[in-house]
Amino acid sequence: MAGPGGGSSDVQWCFSQVKGAIDDDVAEADIISTVEFNHTGELLATGDKGGRVVIFQQEPESKNQPQCRGEYNVYSTFQSHEPEFDYLKSLEIEEKINKIRWLPQKNAAQFLLSTNDKTIKLWKISERDKRPEGYNLKEEDGRYRDPNTVTALRVPIFRPMDLMVEASPRRVFANAHTYHINSIAVNSDYETYLSADDLRINLWHLEITDRSFNIVDIKPANMEELTEVITAAEFHPNQCNTFVYSSSKGTIRMCDMRASALCDKHAKMFEEPEDPNNRSFFSEIISSISDVKFSHSGRYMMTRDYLSVKIWDLNMETRPVETYQVHEYLRSKLCSLYENDCIFDKFECCWNGNDSVVMTGSYNNFFRMFDRGYRQDVTLEASRENSKPRSVLKPRKVSTGGKRKKDEISVDSLDFNKKILHTAWHPLDNIIAVATTNNLYIFQEKLN
Amino acid sequence: MIGGMEGGVDAQSLISISLMKIHNSRTQRGGIKLHKNLLVSYVLRNARQVYIKEKYAEIYRMQQYEEVMTVCNEIQELNPLDLDAEEADEEERSRGEESSVCGAALQRGAAQPAALCRTGSAVSGCCPLEDVGKDPEPSYYRSCCMEAPPAAPCDPFTGSGGAHCNKTTVLDLDTHVVTTVENGFLHQDCCCAPTGQSAAKKRKVEFGCCVSDLDDVPDFTRKRAKREDCSFSDYTDTSNISNLISIFGSGFSGLLSRQADLEQICSKQALASLGAWTRAIVAF
């Protein structure tokens, strides 16, 4: 059955790979907390609650099977962050990776930024496939030779070796955030980046670690008057002076760094008035924005709140141009979702390469795609049952009315422990990475 | 309208769930999550708004019923033979009017909230005990609601800007009741009944409650009187209810027991009206 993707309504999605443990018993450290493709799509990085980063690399397309895009295999694994303890405040700092952002490639090495609640690190991932041999003063195993035994001199030469991928921390950007970092975003100038916590946004230079500039500060003089926090922030893809940040009140503020050093005063504020008919105890929670993403073109931005995805035209602040309901059937379940804390889940969203389709996650390992052009949407499931190679994913449906049709799932049967919070779309191809609790699924467009 | 989304969403249980979440967040790994706690505080504010509105509505309904009964009794005294049959009808009619009158009364914000501070009134000369035999409910309410308490216990701080009250809001793990302790004194004023029960049953519950509390009440009142001069006229401020609601209008500020606001204290009394003091945890 046709589904949205790539601007055409004919795209079918098939299972490609799944990474991670098969056990039902999930170790907390293995819970995936972020997923990100690099700028070419060749590399796919994941971060987890245990502070580890795993990078997958796409194999080059084989000439034997031109129909099948290359598989992603583990390229590098390293421990990015460790748990720390703030002795002054008697607080433990979690090692969970909140965000990974790739830098565009400038030379042979790859660079990425990874952050936990307090500290951002710049990692260099480089390949080593040669090693020097023939030192005069050292043996091959590294031990120093007795100088008296050196009778002749030779020039060391490089010999090929098995490929080794090394990750090394090149910069550590620490001590700039009192509250928990929720976002990092690289500027289009490729020299600066921002980091945002609940109340402040800081601007860094990639080369300078001992200084950052505070560009947004919404902390009230009296904390008792706190009404909203920053939930996400992102730089514009082309305009290096523009960035946006979303709030827990459902507003998005766009700021221009040319206007002033401190961007507390926004250039534009995007907000849709609340529908009074939908007012409930939980209105404030479900209107809190969990993710904001610019389109690749820079003309639109997308926001995700608990029940919907909204597309905003940057030229219109009064309301979104498109609104897609992700799982409206949960509106009547908000009380239970509040009790089991699911209402606080922060779903992310992403654009496809040409901004024609958007994708976001839901519960029961469902994820949703919305084709903006064809006004179609589809619900797919990431599960081991559908994981035969190149098997086409069947669209799923949640029954909301009284009568449940065959193959439909009733709302009460949904597993709220199986949630897809993080998804990523290859920047150029129809390849998507979908993270369930501790597994990473890769799906590809079916090619004939 | 808040509360209309999920059938049977109980404001009080939401309050206790929210307080538990805030409490648990203190021991969570990684420190207190500001965003989550802010959102929980909004739910708490919304639930308390609904709870207080319901409480006031209940009080006014009972107030109106009591007034009608008084009128009926007076009429009955005039002509006891003729009006027995009509009384039943009048009661029903008055009950029907209660809700509309109650609604109007809420808008007026009249002096009816004196019912909340009934503690003083129970001592002030009416004898609920003696009335048990005859007609417990109306006489109780007459004593409770019609007589102005000489020392309204809920506003010892008005006019003094009393910043020296030491308030702790606690959550009873057994009954999920939120209670306020001020300077070590428990607010167990139980003039207001829990919602959902029939009117007659409610009054019996309260009456029992009052009887058990009578021993405590005189001491309580004495201690209250000791502290400050209460100005009862302040208590009849017509903007009571709107102030109560607006307390929680500014995020965290409504949750913290900062100023000694007359209305805020009365709202806490409303919440504490269900009594029960067994094990409790300090929520804030």
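Numbers restart at 1 for each chain; the letters A, B, ... are given by sequence-line order, proteins then strands.
Shown here is A/Y87, whose OH atom has no more than 12 heavy atoms of other residues, nucleotides or ligands within 6.0 Å. Counting heavy atoms of neighbouring residues, nucleotides and ligands inside a 6.0 Å radius, atom CG of A/D341 exceeds 12 of them.
In this structure, B/H35 NE2 and A/L226 CG are separated by 10.0 Å, a value rounded to the nearest 0.5 Å. The NZ atom of B/K33 sits 6.5 Å away from the CG atom of A/D117 when rounded to the nearest 0.5 Å. Here CD1 of B/I17 is found 10.5 Å from CG of A/N340. Values are rounded to the nearest 0.5 Å. For the atom pair CD of A/E339 and NZ of B/K21, the computed distance is 7.5 Å after rounding to the nearest 0.5 Å. A distance of 10.5 Å separates CD1 in A/I93 from CZ in B/R29, rounded to the nearest 0.5 Å.
Side chains of B/L38 and A/E284 form no contact here, defined as non-hydrogen atoms less than 4.5 Å apart. Between A/M223 and B/L34, the closest side-chain pair of non-hydrogen atoms falls below 4.5 Å. Side-chain contact between B/S18 and A/Y338 is present, with at least one heavy-atom pair separated by less than 4.5 Å.
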Query - Steps toward side chain to side chain contact (heavy atoms under 4.5 Å, CB included) verdict (A/R279, B/N46) - result: CA-CA 10 Å; A/R279 183 104 188 103; B/N46 294 338; 3.7 Å; yes
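For A/I31, the side chain to side chain contact (heavy atoms under 4.5 Å, CB included) partners are A/V26, A/E28, A/K49, A/T437, not counting sequence neighbours.
Neither the backbone nor the side chain of A/N116 comes within contact range of chain B; no heavy atoms are under 4.5 Å apart. Contacts between A/S288 and chain B at a heavy-atom distance below 4.5 Å involve the side chain alone, from C-beta outward. Looking at A/I230, neither its backbone nor its side chain comes within 4.5 Å of chain B, counting heavy atoms on both sides. Only the side chain of A/T231 comes within less than 4.5 Å of a heavy atom of chain B; its backbone N, CA, C and O stay farther away.
In terms of heavy-atom proximity, B/G30 sits nearest to A/H180 at O-NE2, 2.9 Å. Summarising the geometry of B/A47 relative to A/F281, their closest heavy-atom pair is CA-CE2, 3.5 Å, with the distance given to 0.1 Å. When every heavy atom of B/L14 is checked against every heavy atom of A/C335, the shortest pair comes out as CD2-SG, 4.3 Å.
Within the 3.5 Å criterion, the main-chain N or O of A/S283 finds no donor-acceptor partner in the side chain of B/Y42.
The residue among A/E92, A/K89, A/E94 with the most heavy atom pairs within less than 4.5 Å of chain B is A/E92.
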